[in-house]
Amino acid sequence: MIDSQLLRDLRRRFPDRSAEGRTAPLLPGRQVVPSLWVSDGPAPQGAWERLRREHARSGLWPLLLAPGNDVPHLEARDLGLEPGEPGEPGGSGEPGGPGEFRADRYDVAALLREWWEKSLLWCPSGDPQDRADLLEALAPYGDTWPGPAPALVPQRDPQECADRLARQLLRARPSLRIGLVRADGGAQALAACGWNGTNGHGDSGEIAAVLHGWQQRFGARLVEVGAASVELSVAAPPTSRAEALLVAAEHAAFCPDNVLGAEEGLAGYAEDLVDAAHWGFWWD
């Protein structure tokens, strides 16, 4: 049966009793923001997969959580969250609180173009050589946004890919905790929590809108969230250099630190995306 303390916590947070009937045993936990319950201790092996399978019935999306510091008493800011009530700044990435995220409120293609132009092509030093280096790192596109990448055909089941990544992450970092958010999927969960770990590069609703698009076009699933990072499984990765370059451009707009930190720029970064079943992002 489900852990009694967890059930009490979830009943308080979800009075419609949608969280009942689940069988995945978890350690005791608590609510760190109105929309997020977090285990006090590490996530048990297999818990993420069981909770993900029960999502259709429970309405709760699981997230592996990596706090900025391995602290015994986790606070919201350790996860890139700002405490607050639903609908208040920091309480949710969407007006109206948890569960209100709607992807059709956003033009993802326009958003990525804006980030490409404003973030990547802004050269704070004003030095012509620095700008030339930046454009070289973004070759073959340079200062021309190539547009969004087309949808790709999944090579494997998206849910199985997410389960596999969860197992890999827990093996590599057994201290990861588990969180539960009432949401339709990982992108919606991120918005519901009001996650703001991008150092000002887009708010939680905008970041969630991009992730939602990747769910649809690339079979991506949000598995882990850190204070300034996210980890996604990918069921439909690019399988050629041409496909990978367009996907890499989206990654560069979404998270410039990923690409500008790559040794060979956008082209070298794209090579690593071919057939990659895992995308990781971090913001400095």
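The model shown is predicted, which means the values in this text are computed figures rather than measured ones. Heavy atoms only: backbone and side chains are in, while hydrogens, waters and symmetry mates are out.
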So, Gln31 side chain and Pro34 main chain: donor-acceptor pair closer than 3.5 Å or not? yes
May I ask you to decide if Gly202's main-chain N or O and Thr198's side chain share a donor-acceptor pair within less than 3.5 Å?
yes
Using modelled atom types and a 3.5 Å cut-off, is there a donor and acceptor pairing between side-chain atoms of Trp195 and backbone atoms of Gly226? yes
(message) Please check: side-chain N/O of Asp275 versus main-chain N/O of Thr239, any donor-acceptor pairing under 3.5 Å?
(response) no
Q: Taking the side chain as every heavy atom from C-beta outward, state whether Ser204 and Asn196 have any atom pair closer than 4.5 Å.
A: no
* To do: Go through Leu64 and Trp48 one step at a time and tell me if the side chain to side chain contact (heavy atoms under 4.5 Å, CB included) criterion holds.
  => CA-CA 7 Å; Leu64 292 177; Trp48 195 93; 3.7 Å; yes
Do the side chains of Arg217 and Glu250 get close enough for a salt bridge, i.e. N-O under 4.0 angstrom? yes
inquiry  = Quick check against the 3.5 Å criterion: does Asp203 have a side-chain atom that pairs as donor or acceptor with the backbone of Ala191?
reply    = no
- Quick one: do Arg113 and Glu117 satisfy salt bridge (Lys or Arg N to Asp or Glu O under 4.0 Å)? Show the steps, please. CA-CA 6 Å; Arg113 174 191 288 273; Glu117 294 175 349; 3.6 Å; yes
One should read off an interatomic distance between Asp133 CG and Leu260 CG, to the nearest 0.5 angstrom, of 11.5 Å
Requested in this report: Side-chain contact test, heavy atoms from C-beta onward, threshold under 4.5 Å: evaluate it for Val223 versus Leu63 and give yes or no.
Outcome: no
Any sub-3.5 Å donor-acceptor pair from Ser39's side-chain atoms to Ile178's backbone N or O? yes
Next item on the list: For the pair Trp214 and Phe218, name the ring-plane relationship: parallel under 30°, tilted 30 to 60°, perpendicular over 60°.
Entry: tilted
Flag yes if more than 12 heavy atoms outside Arg173 fall under 6.0 Å of its CZ atom; otherwise flag no. yes
inquiry  = When you compare the side chain of Leu152 with that of Glu243, does any pair of heavy atoms fall below 4.5 Å?
reply    = yes
For this session: Taking the side chain as every heavy atom from C-beta outward, state whether Gln168 and His278 have any atom pair closer than 4.5 Å.
Result: no
| query | Do Glu271 side-chain atoms and Gly268 backbone N/O form a donor-acceptor pair below 3.5 Å? | reply | no
Given Val247 and Trp279, is the side chain to side chain contact (heavy atoms under 4.5 Å, CB included) satisfied, shown in steps?
CA-CA 11 Å; Val247 174; Trp279 294 347; 3.8 Å; yes
Q. Mind checking whether Val181 and Cys193 have side chains closer than 4.5 Å, heavy atoms only?
A. yes
Please state whether the rings of His201 and Trp115 are parallel, tilted or perpendicular, taking 30° and 60° as the class boundaries.
tilted
| request: Examine distances only and state if a side-chain atom of Ser35 and a backbone atom of Ala192 form a donor-acceptor pair shorter than 3.5 Å. | output: yes
Arg53 with Glu49: basic N within carboxylate O range, under 4.0 Å: no
**Prompt:** How about Leu190 and Val225: do any of their side-chain heavy atoms sit closer than 4.5 Å?
**Reply:** yes
* Centroid-centroid under 6.0 Å between Trp283 and Phe254 rings -> yes
Closest non-hydrogen atoms of Pro42 and Pro174, given as atom of the first, atom of the second and distance, are CB-O, 3.2 Å
Here the gap from Asp107 atom CG to Glu114 atom CD, rounded to the nearest 0.5 Å, amounts to 10.5 Å
Worksheet entry | Leu169 side chain near Glu231 side chain, heavy-atom distance below 4.5 Å | yes
Judged by atom type as modelled, is there a donor-acceptor pair below 3.5 Å linking the side chain of Arg156 to the main-chain atoms of Cys161?
-> no
Considering only heavy atoms from C-beta outward, does the side chain of Leu245 approach that of Pro140 to under 4.5 Å?
yes
Result for ring pair (Phe, Tyr, Trp, His ring centres under 6.0 Å) between His251 and one of Trp116, Trp282, Phe281 points to Phe281
- Query: Between Gln159 and Asp163, does any side-chain donor sit less than 3.5 Å from a side-chain acceptor?
  - Reply: no
Which is it for Glu224 and Leu176 under the side chain to side chain contact (heavy atoms under 4.5 Å, CB included) test, yes or no, and what are the steps along the way?
CA-CA 9 Å; Glu224 181 191 322; Leu176 291 174; 3.8 Å; yes
